[in-house]
Amino acid sequence: MLVCALGLALLLKAFLVEVFIIPSGSMEPTLVVDNRVVVYKLGYRLHDVNRGDVVVFDNPGQGPGTDDLIKRVVALEGETFEIRDGSVHIDGARLEEPYLQAGEWTLPKAPIRGCVNEADSTYCEVPEGTVIVLGDSREDSRDSRYFGPVDVDDIVGRAFMKIWPPNDVGGL
């Protein structure tokens, strides 16, 4: 019986859901250091990634960090992503971002590598099969502004619920 339970738990972790610990403040105020989130791993095999999803993905390896990162999807394949006047613009329109702290600015960090128009540093045409991800704490986040678009195939899953600490349990 114990072997069956252990086997079921391993199957669930491998294919359906997994708990991740938030290692940094890059997603504050939505997620803080040591929060635990449940990540649904099967979702993007069944439907597309959506703007606003908080996703866990394989670290592109462009800097210090853990094996997996967690960020928010702000631009989808085929869209134009631009940082202008401290705000994110998608296809020329300012993106409303209610999850940011009041007064938080989004600043460009460098020309974004891996864009369709890589030679032009003012904006990014998001390539097919990729998304642009940003942390909710823009000042403290290493995100697509540093490592470029994230391949959808590198997304582990969508974080959908905080389960720790107990006084902060709820959906994302």
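Count residues from 1 along the sequence.
Residues Val88 and Leu134 are in side-chain contact: their nearest non-hydrogen atoms beyond the backbone lie under 4.5 Å apart. Contact annotation: the side chain of Val38 approaches that of Val17 to within less than 4.5 Å [non-hydrogen atoms, C-beta and beyond]. Side-chain contact between Met27 and Val54: present, with at least one pair of heavy atoms (C-beta onward) separated by less than 4.5 Å. Counting only heavy atoms from C-beta outward, the side chains of Val39 and Val37 approach each other to under 4.5 Å. Between Val133 and Val55, the closest side-chain pair of non-hydrogen atoms falls below 4.5 Å. Between Asp58 and Asp68, the closest side-chain pair of non-hydrogen atoms falls below 4.5 Å. With contacts defined as side-chain heavy-atom distances shorter than 4.5 Å, the pair Leu31/Ile70 qualifies. Counting only heavy atoms from C-beta outward, the side chains of Phe81 and Val74 approach each other to under 4.5 Å.
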Cut-off 3.5 Å, no hydrogens considered: what does the side-chain donor-acceptor table look like for residues 147-156, sequence neighbours left out?
residue : atom : partner : partner atom : Å
Asp151  : OD1  : Asp153  : N            : 2.8

Exercise answer: donor-acceptor pairs, residues 160-172 side-chain atoms, under 3.5 Å, sequence neighbours excluded:
residue : atom : partner : partner atom : Å
Lys162  : NZ   : Thr30   : O            : 3.2
Lys162  : NZ   : Asp168  : OD1          : 3.4
Lys162  : NZ   : Asp168  : OD2          : 3.0

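When all heavy atoms are compared, the tightest approach of Asp85 to Trp105 is O-CZ3, 3.4 Å. For the pair Glu82 and Tyr123, the tightest heavy-atom approach, listed with the atom from each and the gap, is CB-CB, 3.9 Å. Nearest heavy atoms, His89 versus Arg84: CE1-O, 3.3 Å.
The 12-atom threshold is exceeded at CG of Asn50, counting heavy atoms of other residues, nucleotides or ligands nearer than 6.0 Å.
Counting only distance, with no hydrogens or angles, the side chain of Asp91 and the backbone of Thr80 share a donor-acceptor pair below 3.5 Å. Although no hydrogens or angles enter the test, the distance criterion places no donor-acceptor pair under 3.5 Å between the side chain of Asp140 and the main chain of Ser137.
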For this session: Check the pair Arg72 / Asp53 against salt bridge (Lys or Arg N to Asp or Glu O under 4.0 Å), numbers first and verdict last.
Result: CA-CA 6 Å; Arg72 187 179 301 274; Asp53 287 355; over 6 Å; no
For this session: Test side chain to side chain contact (heavy atoms under 4.5 Å, CB included) on Leu76 and Val131 and set out the steps.
Result: CA-CA 5 Å; Leu76 306 170; Val131 295; 4.1 Å; yes
Exercise. Under the side chain to side chain contact (heavy atoms under 4.5 Å, CB included) criterion, do Lys71 and Asp136 qualify, and how do the steps go?
Worked result: CA-CA 7 Å; Lys71 307 290 179 204; Asp136 288 357; over 6 Å; no
For this session: In sequence, state the C-alpha distance, the side-chain angles, and the governing distance for Ile132 and Cys124, and then conclude on side chain to side chain contact (heavy atoms under 4.5 Å, CB included).
Result: CA-CA 9 Å; Ile132 297 288; Cys124 175; 4.1 Å; yes
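Every salt bridge (charged side-chain N to carboxylate O under 4.0 Å, His left out) that Glu96 has, sequence neighbours left out, goes to Arg94. The side chain to side chain donor-acceptor pair (under 3.5 Å) search around Glu139 returns none, not counting sequence neighbours. Scored by the side chain to side chain donor-acceptor pair (under 3.5 Å) test, Arg36 finds no partners at all (sequence neighbours excluded). With sequence neighbours excluded, the residues satisfying side chain to side chain donor-acceptor pair (under 3.5 Å) with Asp143 are Ser141, Arg145.
No path of Ile, Leu, Val, Met, Phe, Trp and Tyr side chains, each step under 4.5 Å between heavy atoms, connects Ile21 with Phe57, placing them in separate hydrophobic clusters.
The CD atom of Glu97 sits 4.0 Å away from atom CZ of Arg138, with the distance rounded to the nearest 0.5 Å. Distance check, rounded to the nearest 0.5 Å: CG of Leu95 to CD of Glu79 gives 9.0 Å.
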